[in-house]
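What follows is one structure encoded as structure tokens, with my remarks underneath.
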Amino acid sequence: MAILKIARMGHPILLQRAAPVPDPGAAEIRRLVDDMLDTMEDASGAGLAAPQVHVPLRIFVFRAPAERVTGDADDRQVGNTVVINPVLEAIGEDVRLRWEGCLSIPGLRAAVPRAWRVRYSGVDCDGAPVGGEVSGFHAGVVQHEYDHLDGILYPMRMTDFSRFGFVEELARAQMQQAGA
Ligand code: NI
């Protein structure tokens, strides 16, 4: 159990395409995944991909906290989830701008276009299948983490740079707008 160092935007590992995991059940993969979960929780993140901790393998972890999910039928609270060698496809044409952040881009948030519904699959450390058809926050976090495995960071997906800012400033602006 360890907290791993998180690479920040500008580090070349974040732009690499990660390699498939030959043996998801290997002891060193389980150790890495345990450390990734500890690191995600320590950083109060909703997701973390292996390249963000300097390991260029196709692995990510995520969770969908109750306060972040939309309440859509396919977007319910999800605990810590491990996805190794994922496959991802968008369902339908519905793309929406949704706010997201990234542990590799600390202090900033942006509205990023994401497919509202996706289907994904992969395995966990026991080789058991994970995934399904999901929407909303769950779909967004999976797309964000999957992108990390292909060397894509969320600014590379953005279309409206007026909705990009520091978390503190965005929160202040929102409070003023709400008349608080
Ligand atoms: Ni990220």
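These numbers come from a predicted model, not from an experiment. In listed order, ligands and their atoms are each counted from 1.
In this structure, Arg109 forms no cation-pi arrangement with Trp99, as its terminal cationic atom is not both closer than 6.0 Å to the ring centre and no more than 45° off the ring axis.
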All N/O donor-acceptor pairs, side-chain side in residues 161-170, below 3.5 Å, sequence neighbours left out:
unit_1: Ser162; atom_1: OG; unit_2: Asp160; atom_2: OD1; d: 2.5
unit_1: Ser162; atom_1: OG; unit_2: Asp160; atom_2: OD2; d: 3.4
unit_1: Glu169; atom_1: OE1; unit_2: Arg172; atom_2: NH1; d: 3.4

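Each protein N/O/S atom under 2.8 Å from the Ni ion (ligand 1) was counted, for a total of 3.
Between Arg114 and Arg157, some side-chain heavy-atom pair lies under the 4.5 Å cut-off. The shortest distance between side-chain heavy atoms of His11 and Gln52 does not fall below 4.5 Å.
Looking at residues two or more places apart in sequence or on another chain, you find a salt bridge (Lys or Arg N to Asp or Glu O under 4.0 Å) between Asp150 and Arg17, Arg58. Remark: Val33 pairs with Ile29, Leu37, Ile59, Val61, Val82, Cys125 by the side-chain contact (heavy atoms from CB on, under 4.5 Å) rule, at least two apart or across chains.
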